[in-house]
Number of protein chains: 2
Amino acid sequence: MRADAQRNRDRIVEVARTVFRAQGYDASLDLIAKQAGVGAGTLYRHFPSRDDLIDAVMQSWVDGVNETAEKALAREGGPRDVLLGWFEDYVRLISVHKGGPAKITCAMGDDGSPIRTKCEVLRSAGDRVLDRLRAEGAVREDVSALQVARLVGGVATVADQGELDVAAVRPMLEVVADGLLAPGG
Amino acid sequence: MRADAQRNRDRIVEVARTVFRAQGYDASLDLIAKQAGVGAGTLYRHFPSRDDLIDAVMQSWVDGVNETAEKALAREGGPRDVLLGWFEDYVRLISVHKGGPAKITCAMGDDGSPIRTKCEVLRSAGDRVLDRLRAEGAVREDVSALQVARLVGGVATVADQGELDVAAVRPMLEVVADGLLAPGG
DNA sequence: TGCTAAACGGAGACAGTCTCCGTATCGTTC
DNA sequence: GAACGATACGGAGACTGTCTCCGTTTAGCA
């Protein structure tokens with residue numbers, strides 16, 4: 001890639017990050033282009049669709065995910081605490097940007113999504129946490145990690161769109177956690 | 001209201017119902033106006049915001065909700081079956097239109113929402129089901145009916161946006177049900 | 001220094017939202 | 001049944017956002 005192209009691309013992503021954070025993922029792309037000091041054509045050449053831009057914005061964020069999963073695994077306490085801790089972190093992670101929970105949860109399991117790679121990181125992090133708990137026999141076997149991600153993602157989506165605070169989210173996560181710890185069937 | 005105004009209003013709602021069902025709640029309002037044979041001004045006078053129109057479209061649908069709750073209460077079987085039956089019906093009810101789950105779940109608990117009245121019907125139906133199960137001591141007390149509605153609504157939202165089928169939704173609802181039946185705390 | 005492939009950028013086509021205001025219609029009153 | 005005021009209509013058009021096309025510019029190589 002030519003040096004000027006790289007420069008422009010970087011600037012677009014940087015501007016998009018701030019704008020998305022402030023206005024959500026449906027902010028005007030032309031505005032982002034203008035703020036980045038490039039033409040609309042340049043933005044669309046680098047990022048043919050909105051999702052492609054979102055994917056780029058999320059790149060740095062991904063690193064935090066794995067770190068968080070490690071933290072969850074290292075947590076003291078019983079399975080319920082580990083699970084709840086991870087759920088809360090997970091919700092926080094995917095809620096960094098407004099509209100994020102819906103975007104991510106929706107893309108999860110959709111192999112054609114432009115943000116697929118980001119979802120995989122999240123999923124494999126979730127897998128690690130669940131696998132450990134399953135190894136301890138603490139969590140029911142008949143629910144896949146993908147379904148857990150969707151459940152918790154659903155809670156996060158509702159919280160995000162309804163602008164609920166942490167206190168309102170916690171009890172819902174408890175229900176999900178208890179449902180997973182219960183024998184089920 | 002003048003007779004011609006009433007006629008136009010009715011036609012707009014009828015057209016909107018079909019268009020929303022086919023294209024989702026973000027269909028073009030100008031198109032709906034055109035199909036109803038009225039000017040854009042007429043549509044916007046009757047329904048200042050999109051949500052006002054959605055509210056009107058949902059009116060007939062509300063009647064089905066109470067009926068469904070009665071059905072759930074009359075269901076044979078233990079608390080788990082009653083709960084799961086209601087959850088599945090609930091998801092089906094709010095998923096009649098594409099985008100419905102997010103719209104409804106989001107408005108739930110928001111007193112200023114134009115579709116507030118519709119949500120209340122749903123909530124009171126859910127309350128009746130939960131109250132009966134609580135009276136039997138089958139369901140934990142520390143989770144409100146609103147939170148249950150949000151949990152199940154979250155599942156429905158994810159299913160709607162990710163176009164999941166019933167088979168994928170069922171296990172998630174089971175987790176929620178088991179979480180509610182579990183002692184918790 | 002000159003050349004060419006690569007990249008730029010912004011005008012403009014298109015689509016959707018929403019308002020404004022001149023025009024038409026209803027229904028009431030005499 | 002004619003006249004009138006309140007009510008409602010409708011569509012042009014201002015505005016905003018998306019996305020493309022193509023003439024112009026520039027980086028990087030020889």
Side-chain angles (χ1 to χ4, degrees), chain A residues 1-57 97-100 102-103 106-107 112-115 161, chain B residues 1-57 97-100 102-103 106-107 112-115 161:
Chain A
M1 188 184 293
R2 247 168 62 173
D4 55 342
Q6 184 68 56
R7 253 198 321 277
N8 279 330
R9 191 183 188 285
D10 290 349
R11 220 174 32 258
I12 291 169
V13 171
E14 196 169 328
V15 168
R17 199 193 315 281
T18 22
V19 173
F20 282 156
R21 201 177 299 242
Q23 305 186 21
Y25 284 129
D26 50 357
S28 159
L29 297 185
D30 273 25
L31 176 94
I32 290 175
K34 189 163 285 182
Q35 280 202 19
V38 302
T42 302
L43 187 147
Y44 284 97
R45 199 174 328 100
H46 284 297
F47 308 102
S49 82
R50 180 179 292 272
D51 274 344
D52 290 311
L53 179 53
I54 291 172
D55 185 69
V57 165
H97 299 87
K98 177 126 188 79
K103 199 107 225 155
C106 206
S113 166
I115 63 171
Q161 293 177 359
Chain B
M1 186 185 296
R2 242 167 65 173
D4 56 341
Q6 184 67 55
R7 254 197 319 276
N8 278 331
R9 193 183 188 284
D10 290 348
R11 215 165 45 250
I12 291 168
V13 172
E14 197 170 328
V15 168
R17 197 192 315 280
T18 29
V19 173
F20 281 156
R21 201 178 297 244
Q23 305 186 21
Y25 283 129
D26 51 357
S28 159
L29 297 186
D30 274 23
L31 176 93
I32 290 174
K34 189 163 288 183
Q35 280 203 18
V38 302
T42 301
L43 187 147
Y44 283 97
R45 198 171 332 98
H46 283 297
F47 308 101
S49 81
R50 181 180 291 272
D51 274 343
D52 290 311
L53 179 54
I54 291 172
D55 185 69
V57 164
H97 298 88
K98 177 125 188 81
K103 198 108 226 157
C106 204
S113 166
I115 62 170
Q161 292 176 0

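Each chain gets a letter, A, B and so on, in the order its sequence line appears, and its residues count up from 1. No experiment lies behind these values; they were computed from the predicted model shown.
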Whole angstroms only, please: what is the [atom1]-[atom2] distance between [X] and [N]?
X     : N      : atom1 : atom2 : result
A:R2  : D:dC29 : CZ    : C1'   : 12 Å
A:R9  : C:dA7  : CZ    : P     : 12 Å
A:I32 : D:dC19 : CD1   : P     : 12 Å
B:D26 : C:dA15 : CG    : P     : 16 Å
A:F47 : D:dT18 : CZ    : C1'   : 17 Å
A:I12 : C:dA7  : CD1   : P     : 13 Å
A:Q35 : C:dG9  : CD    : P     : 15 Å
B:K34 : D:dA12 : NZ    : P     : 9 Å

Q: With DNA chain C as reference, determine whether B:R7 or A:G39 sits nearer its 5' end, using the nearest nucleotide of each.
A: A:G39
Return no unless some side-chain N or O of [X] is found under 4.0 Å from OP1 or OP2 of [N].
X     : N      : answer
B:T42 : D:dG10 : yes
A:R45 : C:dC8  : yes
B:H46 : D:dC9  : yes
A:S28 : D:dT18 : yes

**Q.** Straight-line distance of B:R45 CZ to B:I12 CD1, nearest 0.5 Å
**A.** 8.5 Å
Q) Does the B:N8 side chain pair with the main chain of B:A5, one donor and one acceptor, at a distance under 3.5 Å? A) no
Q. Between the main-chain N or O of A:H46 and the side-chain N or O of A:R9, is there a donor-acceptor pair closer than 3.5 Å?
A.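 It does not hold such a pair.
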Q. Quick one: are A:D55 and A:D52 in side-chain contact, heavy atoms under 4.5 Å?
A.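 In short, these two side chains do not touch, never coming nearer than 4.5 Å.
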Q. When we call it a touch if two heavy atoms are under 4.0 Å apart, what does A:A27 touch: a base, just sugar-phosphate, or nothing?
A. sugar-phosphate
Q.
Using a 4.0 Å heavy-atom cut-off, does B:A3 contact any base of the nucleic acid, only the sugar-phosphate backbone, or nothing at all?
A.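 Sugar-phosphate: the residue B:A3, judged by heavy atoms under 4.0 Å, touches backbone atoms but no base.
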Q. Between the base of C:dT17 and the side chain of B:R50, is there a donor-acceptor distance below 3.5 Å?
A.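 Donor-acceptor pair under 3.5 Å: no.
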Q.
Minimum heavy-atom separation for A:G37 and A:R11, please, with both atom names.
A.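 Heavy atoms of A:G37 and A:R11 come nearest at O-NH2, 4.3 Å.
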Listed nucleotide nearest any side-chain atom of [X], set [options]:
X     : options                : answer
A:L29 : D:dT18, C:dG9, D:dA8   : D:dT18
A:M1  : C:dT17, D:dA8, C:dA7   : C:dA7
B:A40 : C:dC26, D:dT18, D:dA12 : D:dA12
B:N8  : C:dG9, D:dG10, C:dA7   : D:dG10
B:D30 : D:dA27, C:dT17, D:dG10 : C:dT17

Q. Do other residues, nucleotides or ligands put more than 12 heavy atoms under 6.0 Å from the CD atom of A:E14?
A. no
